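The block underneath contains the structure these notes are about, expressed in structure tokens.
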Amino acid sequence: MQNIGEENINELEKAQMDFISTVSHELRTPLTSIRGFADTLLTSYDRLTPEQREKFLLIIKDQSNRLINLVENLLTVSKMQSDKELMVYKATDALQAAEYAVQIIKNQYKTHKYILNYDKNLPKILVDSDKLQQILINLIDNASKYSPENTTVTVNICQNYNENTLTISVKDEGIGINSEDIGKIFNKFSRIDSPLTRKIQGNGLGLYITKTLTEKMGGKISVDSSPKGSEFKITFKAATPEDNGLKKIKE
Ligand code: ADP
């Protein structure tokens, strides 16, 4: 069989092969685990204690959630890339969106503490509220996932009067990101490999989606990190009074 040298494969083919290989790996790991634990439950049900049965069922549930997240992220990436994603812009209450996102994540991380600080009389921002929700959930989920139990995740929402913008920041007390890795974290499928991150599940799509959606809606994203924790900030223009009650649909 002829060995095709890497230099002969054009860039697109290589990107597609990388993509298929990464996705297959991401799908295979949870699927193998689901099949293994389902098999054990089927063949050894009577020999297992109720605690073991519950433990195995919880693993099956966790791994299924991991698959659902991966497929949802892949669908988002595919929609973003085809540029066919409909964005419904309307004046959106960032505080309400942040409260909702915190509520959702709080249910998954029982020992973390969540603090939400905000300026009074915050202006609304002109964004697609579902996409803003997705961005906030990604950032708050990462802040929780990459920090130890019993630490605090702080969400701050403040108005920048000079620039007429609003900044939402998500701060954690977690493992931090090395300065040489910061440039990579927003790339598609990019995960930082270290003894600290290896045990934490993910598919490297969350921040790519977060940055792409933020910028698509005219916003900016930045990150500051130290070994004591990280802080991600997203900034959007404040909505004007004319924006209130308006609905703009763009592809
Ligand atoms: P993942 O699914 O791996 O979490 P993301 O795209 O959301 O993918 O993040 C990319 C990488 O950036 C992660 O694998 C992790 O190494 C790093 N990262 C993201 N958020 C944080 C955070 N709050 N603290 C430390 N590292 C983070």
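One-based numbering, in listed order, for ligands and for the atoms of each. Everything numeric in this text was worked out from a predicted model, so none of it was measured.
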Q) When you measure from atom 3 (O) of ligand 1 to every protein heavy atom, which one gives the shortest distance, and what is it? A) R191 NE, 2.4 Å

Q. For the atom pair CD1 (I234) and CD1 (I125), what is the distance rounded to the nearest 0.5 Å?
A. 6.5 Å

Q | Minimum-distance protein heavy atom relative to atom 13 (C) of ligand 1 | A | Y146 OH, 3.2 Å

Q.
For F37 and F56, take the angle between the two ring planes, folded into 0 to 90°, and tell me which bin it lands in: parallel under 30, tilted 30 to 60, perpendicular over 60.
A. tilted

Q | Contact check, side chains of I185 and F232, non-hydrogen atoms, under 4.5 Å | A | yes

Q | Nearest non-hydrogen protein atom, atom 2 (O) of ligand 1 | A | N203 N, 2.7 Å

**Q.** Common cluster, I182/Y146, ILVMFWY with side-chain heavy-atom separation under 4.5 Å
**A.** no

(Q) Quick check for you: to the nearest 0.5 Å, what is the distance between K228 atom NZ and S147 atom OG? (A) 15.5 Å

Q. Which ligand 1 atoms, with their elements, are less than 4.0 angstrom from a heavy-atom of G204?
A. 1 (P), 2 (O), 3 (O), 6 (O), 8 (O)

Q.
A quick test of your reading: do over 12 heavy atoms of other residues, nucleotides or ligands sit less than 6.0 Å from NZ of K145?
A. yes

Q. Among the heavy atoms of F232, does any lie under 4.0 Å from an atom of ligand 1?
A. yes

Q) Below 4.0 Å from any atom of ligand 1, is there a heavy atom belonging to G176? A) yes

**Q.** Contact (N/O only, under 3.5 Å) between N142 and ligand 1
**A.** yes

Q | Residue pair N160 / T167, side-chain donor-acceptor N/O under 3.5 Å | A | yes

Q) Does any N/O atom on D172 come nearer than 3.5 Å to any N/O atom on ligand 1? A) yes

Q.
Give me the residue, atom name and distance of the protein heavy atom closest to atom 6 (O) of ligand 1.
A. L207 N, 2.8 Å

Q. Quick one: does I177 get an N or O within less than 3.5 Å of an N or O on ligand 1?
A. no

Q) In Å, rounded to the nearest 0.5 Å, how long is the span from CG of D130 to CG of L86? A) 11.0 Å

Q) So is Q201 in contact with ligand 1, going by heavy-atom distances below 4.0 Å? A) no

Q: Any atoms of ligand 1 less than 4.0 Å from a non-hydrogen atom of L205? List them with their elements.
A: 6 (O), 8 (O)

**Q.** Per-atom contacts of ligand 1 with K145, taking only distances under 4.0 Å to non-hydrogen atoms
**A.** 1 (P), 2 (O), 4 (O)

Q) Numbering the atoms of ligand 1 from 1, which are under 4.0 Å from a heavy atom of G206? A) 5 (P), 6 (O), 7 (O)

Q: Could you tell me whether some N/O pair between I175 and ligand 1 is separated by less than 3.5 angstrom?
A: no

**Q.** Protein residue, atom and distance nearest to atom 17 (C) of ligand 1, heavy-atom basis
**A.** I185 CG2, 4.0 Å

Q.
Tell me whether I200 shares a hydrophobic cluster with I209, the cluster being built from Ile, Leu, Val, Met, Phe, Trp, Tyr side chains joined at under 4.5 Å.
A. no

Q. Is it the case that D243 and T240 place a side-chain donor and acceptor less than 3.5 Å from each other?
A. yes

Q. Quick check: are there more than 12 heavy atoms from other residues, nucleotides or ligands sitting under 6.0 Å from CD of E180?
A. yes

Q: Enumerate the atoms of ligand 1 whose separation from the nearest heavy atom of S190 is less than 4.0 angstrom.
A: 10 (C), 11 (C)

